[in-house]
S.K.: 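The structure follows.
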2 protein chains.
Amino acid sequence: MGSPWKAIADDSRRQILLMLKDGEKTPSQIATHFDFTLAALSTHLKVLRDASLVSERKEGQNRFYSLNQKQSLGLVKFFELMWGYKLDSLKEYVENKEKKKTQ
Amino acid sequence: MGSPWKAIADDSRRQILLMLKDGEKTPSQIATHFDFTLAALSTHLKVLRDASLVSERKEGQNRFYSLNQKQSLGLVKFFELMWGYKLDSLKEYVENKEKKKTQ
DNA sequence: AAACTATTTAAATATTTAACTAATTACATA
DNA sequence: TATGTAATTAGTTAAATATTTAAATAGTTT
């Protein structure tokens, strides 16, 4: 499996992930938002797939890509680890954001 | 400022960050845990510094590096964004972990 | 001041990565 | 079956990155 950290390090690939948060999309749909070729996008999708950050579903001549949330949750584990298993910082951060939202 | 995503994409640099979670360390101390040279470590630290993931404190002939938590919290914002501002997944994840800890 | 210690910076090299064009695969439809 | 469409794979090139050795900087000690 490819490194999810390397996968997520690229600006375009992070944009792709954000693009998928509202539901699955085909490479052609995603490609319209970028300047580079479909071939380049295809390689980006491969990197994300190899890192298990996205899943691919085939339907006829189309392929649908969607977020694979589990793997990205795994990345948060690192931050958790970095903050000493305490989780306090992360939790406070999350709850703070939540307050802001409901204000 | 350098990209914190690129900074954190490297395995060695993530290890360095974890090494710092218990408190500040000098480059020489950190270097003992790696196979590469002190010069290589110095460049890794520069990348982390440029990404504001660590801070440097000078004292005599030593330099002490420490975690800069604020910036790494910023990275979590991306995951939050990816999960649709809902925060539910992240929150559930955090609380789940917390439960496990106290079990 | 000379020698030593801690660390960074510079220059060179090797590896990895991102992008392109062109070719290929796979499916759909006329 | 020929043509079109969707997407990937291959081969190439250019740029970025990681590492090394050697030199430089800065502070300490004798």
Side-chain angles (χ1 to χ4, degrees), chain A residues 1-20 23-68 71-72 75 78, chain B residues 1-20 23-68 71-72 75 78:
Chain A
M1 195 190 55
S3 156
W5 293 105
K6 299 233 162 136
I8 217 166
D10 184 84
D11 294 351
S12 307
R13 286 195 292 262
R14 281 201 310 287
Q15 273 187 257
I16 294 172
L17 291 175
L18 290 182
M19 234 171 256
L20 294 179
E24 54 183 20
K25 288 199 171 39
T26 66
S28 317
Q29 290 176 319
I30 298 168
T32 61
H33 297 278
F34 292 103
D35 285 338
F36 48 71
T37 63
L38 190 60
L41 174 68
S42 185
T43 346
H44 280 308
L45 289 172
K46 181 177 168 36
V47 173
L48 290 171
R49 246 188 294 126
D50 288 351
S52 301
L53 285 165
V54 301
S55 308
E56 190 201 59
R57 179 173 73 81
K58 236 172 149 173
E59 191 183 300
Q61 64 197 327
N62 299 296
R63 281 160 203 233
F64 292 90
Y65 281 89
S66 56
L67 279 186
N68 197 349
Q71 181 72 357
S72 59
L75 297 185
F78 168 77
Chain B
M1 196 189 58
S3 157
W5 293 106
K6 298 232 162 138
I8 217 167
D10 183 84
D11 294 350
S12 306
R13 286 196 290 264
R14 281 201 311 287
Q15 273 187 258
I16 293 172
L17 292 175
L18 291 182
M19 237 171 252
L20 294 179
E24 54 182 22
K25 287 200 170 42
T26 66
S28 316
Q29 290 177 319
I30 298 168
T32 62
H33 297 278
F34 292 103
D35 285 338
F36 47 72
T37 63
L38 190 59
L41 173 69
S42 186
T43 349
H44 280 307
L45 288 172
K46 180 175 168 41
V47 173
L48 291 171
R49 245 189 295 127
D50 288 351
S52 300
L53 285 166
V54 301
S55 308
E56 189 202 60
R57 180 173 73 83
K58 237 173 148 173
E59 191 183 299
Q61 62 197 326
N62 298 297
R63 282 160 201 233
F64 292 91
Y65 281 88
S66 56
L67 278 186
N68 196 350
Q71 180 72 358
S72 59
L75 297 185
F78 168 77

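Just so it is clear, the structure is predicted and the values come from calculations on it, not from any experiment. Naming convention: chains lettered A, B, ... in sequence-line order (proteins, then strands); numbering from 1 in each chain.
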S.K.: Does any N or O in the side chain of B:Asp10 come within less than 3.5 Å of the main-chain N or O of B:Arg13, such that one atom is a donor and the other an acceptor?
M.R.: yes

S.K.: Without decimals, in angstroms, what is the distance between B:Ile8 CD1 and D:dT17 P?
M.R.: 16 Å

S.K.: If you check every side-chain atom of B:Lys58, which of C:dT8, C:dA18, D:dA26 has the closest atom?
M.R.: D:dA26

S.K.: Return no unless some side-chain N or O of A:His44 is found under 4.0 Å from OP1 or OP2 of C:dT17.
M.R.: no

S.K.: Which of these nucleotides, C:dT5, C:dT21, D:dT20, is closest to any side-chain atom of B:Ala39?
M.R.: D:dT20

S.K.: Which residue lies toward the 5' end of DNA chain C, A:Gln61 or B:Ser42, if each is placed at its nearest nucleotide?
M.R.: B:Ser42

S.K.: Side chain of A:Leu45 only, heavy atoms from C-beta on: which candidate in D:dT8, C:dA18, C:dC27 is closest?
M.R.: D:dT8

S.K.: Which is true for A:Tyr65 with a 4.0 Å heavy-atom rule: it touches a base, it touches only sugar-phosphate, or it touches nothing?
M.R.: sugar-phosphate

S.K.: Quick one: which of D:dT8, C:dT8, D:dG4 gets closest to the side chain of B:Arg63?
M.R.: C:dT8

S.K.: Flag the pair A:Trp5 / B:Asp11 as yes when at least one side-chain heavy-atom distance between them is below 4.5 Å, and no otherwise.
M.R.: no

S.K.: Just the rounded figure in Å: distance from P of D:dT25 to CD of B:Glu56.
M.R.: 17 Å

S.K.: Counting N and O atoms only, with roles assigned by atom type, does the side chain of B:Glu56 sit under 3.5 Å from a partner on the main chain of B:Arg63, one being a donor and the other an acceptor?
M.R.: no

S.K.: Need one value for B:Thr26: base, sugar-phosphate or nothing, where a base atom within 4.0 Å counts as base even if backbone is also close, heavy atoms only.
M.R.: sugar-phosphate

S.K.: Give the minimum heavy-atom separation between B:Leu45 and B:Tyr65, together with the two atoms involved.
M.R.: CD1-CE1, 3.6 Å

S.K.: Remember a base hit wins even if backbone is also touched, and classify B:Gln29 as base, sugar-phosphate or nothing at under 4.0 Å, heavy atoms.
M.R.: nothing

S.K.: Select one nucleotide: of C:dA28, D:dT19, C:dT8, the one nearest the side-chain heavy atoms of B:Ala40.
M.R.: D:dT19

S.K.: Backbone N or O of A:Ile8 within a donor-acceptor pair of the A:Arg14 side chain at under 3.5 Å?
M.R.: yes

S.K.: For B:Leu41 and A:Val47, take the nucleotide of DNA chain C holding the closest heavy atom to each; which residue's nucleotide lies nearer the 5' end?
M.R.: B:Leu41

S.K.: Kindly point out which of D:dA18, C:dC20, D:dT9 is positioned nearest to the side chain of B:Asp10?
M.R.: D:dA18

S.K.: Quick check for you: among D:dT5, D:dT9, C:dT17, whose closest atom lies nearest to any side-chain atom of A:Lys46?
M.R.: D:dT9

S.K.: When the distance from CH2 of A:Trp5 to P of D:dT17 is rounded to whole Å, what number comes out?
M.R.: 18 Å

S.K.: With a 4.0 Å cut-off on heavy atoms, is A:Glu59 in touch with a base, just the backbone sugar-phosphate, or nothing at all?
M.R.: nothing

S.K.: From the options D:dA18, D:dT20, D:dT8, select the nucleotide whose nearest atom is closest to the side chain of B:Phe36.
M.R.: D:dT20

S.K.: Within this structure, what is the CG-to-C1' distance between B:Leu48 and D:dT17, rounded to whole angstrom?
M.R.: 14 Å

S.K.: If you check the B:Asn62 side chain, which of C:dA18, C:dA6, D:dA6 turns out closest?
M.R.: C:dA6

S.K.: Starting at atom NZ of A:Lys25, determine the distance to atom P of D:dA6, rounded to an integer number of angstrom.
M.R.: 17 Å

S.K.: How long is the straight-line distance from CD of B:Glu59 back to CD of B:Glu24, given to the nearest 0.5 Å?
M.R.: 8.0 Å

S.K.: According to a strict under-4.0 Å criterion, is A:Thr37 in side-chain N/O contact with OP1 or OP2 of C:dA19?
M.R.: no

S.K.: Expressed as a whole number of angstroms, how long is the span from A:Leu38:CG to C:dA18:P?
M.R.: 17 Å

S.K.: What is the separation between atom CG on B:Asp35 and atom P on D:dA18, rounded to the nearest whole Å?
M.R.: 17 Å

